[in-house]
Amino acid sequence: MPSDSPSWILIVIVLVWALIGIGILVWYLWAMARLFPRIGLKSSDGWIPIWNQWKLLERVALPGWVVLLSFVGLGIVPAIMLIIAMHRI
């Protein structure tokens, strides 16, 4: 058993979790692209990560700029606003 085997295990674990994360992101973007035409927005807007949340909030009469608060450490505010938006749809 080589002495650096734990580092290979760590690399494999990180790669598996990265693939799972990318899969969840693609699924989320696909779901948003399928939702948008049903609520009167362009399907292509659903594939753009931050823009889709902005447009979703604006669609239900909430301020879209709230999404930008997640970049300054206030991620709970956009999360709550998105939950409210999902209930209004």
Side-chain angles (χ1 to χ4, degrees):
M1 183 179 274
S3 64
D4 64 334
S5 64
S7 65
W8 283 104
I9 294 171
L10 181 63
I11 291 171
V12 169
I13 290 171
V14 168
L15 287 176
V16 167
W17 279 108
L19 288 174
I20 290 171
I22 290 170
I24 291 172
L25 176 65
V26 169
W27 171 78
Y28 172 76
L29 294 175
W30 174 80
M32 292 296 277
R34 297 274 299 174
L35 170 71
F36 273 28
R38 295 176 185 187
I39 61 173
L41 298 171
K42 294 187 306 185
S43 175
S44 60
D45 286 344
W47 286 100
I48 305 169
I50 301 302
W51 185 248
N52 62 18
Q53 293 179 358
W54 187 303
K55 296 299 276 183
L56 181 65
L57 287 176
E58 284 183 343
R59 178 69 173 97
V60 295
L62 293 172
W65 59 266
V66 172
V67 174
L68 299 177
L69 293 177
S70 61
F71 292 114
V72 293
L74 297 172
I76 189 71
V77 176
I80 292 170
M81 297 291 264
L82 286 170
I83 291 170
I84 293 169
M86 290 176 197
H87 281 280
R88 287 186 181 179
I89 289 181

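- In terms of heavy atoms, N52 sits closest to G46 at ND2-O, 3.0 Å.
- Using a 4.5 Å cut-off on side-chain heavy atoms (C-beta onward), W54 and L68 make contact.
- Put simply, V12 and V14 are part of two different groups of oily side chains (I, L, V, M, F, W, Y) that touch within less than 4.5 Å, one to the next.
- Smallest separation of non-hydrogen atoms from K55 and D45: CE-OD2, 4.0 Å.
- The two atoms that bring R88 and A61 nearest to each other are NH1-O, 4.1 Å, heavy atoms only.
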Apply side chain to side chain contact (heavy atoms under 4.5 Å, CB included) to L69 and M81, showing your working. CA-CA 11 Å; L69 293 177; M81 297 291 264; over 6 Å; no
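- Closest non-hydrogen pair, L56 versus I89, comes out as CD1-CD1, 3.3 Å.
- Put simply, the side chain of I84 does not reach to within 4.5 Å of the side chain of V60, judged on heavy atoms.
- Under the 4.5 Å side-chain heavy-atom criterion for Ile, Leu, Val, Met, Phe, Trp and Tyr, V26 and L19 are members of distinct hydrophobic clusters.
- Here I48 contributes atom CD1 and K42 contributes atom NZ; the two are 7.5 Å apart, rounded to the nearest 0.5 Å.
- Taking both residues in full, the closest heavy atoms of P37 and S43 are given as CG-CB, 3.7 Å, listed atom of the first, atom of the second, then distance.
- Here CG of L10 is found 9.5 Å from CG of L15. Values are rounded to the nearest 0.5 Å.
- Note that OH of Y28 is 9.5 Å distant from CG of L35, once rounded to the nearest 0.5 Å.
- Clustering ILVMFWY residues whenever any of their side-chain heavy atoms sit less than 4.5 angstrom apart, transitively, puts W27 in the very cluster that holds L82.
- Remark: side-chain polar atoms of R59 are paired, donor with acceptor, to backbone N or O of I39 under 3.5 angstrom.
- Under a hydrophobic clustering in which Ile, Leu, Val, Met, Phe, Trp and Tyr are joined whenever their side-chain heavy atoms come within less than 4.5 Å, directly or via other members, V66 and I83 fall into different clusters.
- Hydrophobic clustering (side-chain heavy atoms under 4.5 Å, transitive across Ile, Leu, Val, Met, Phe, Trp, Tyr) keeps I24 apart from I50.
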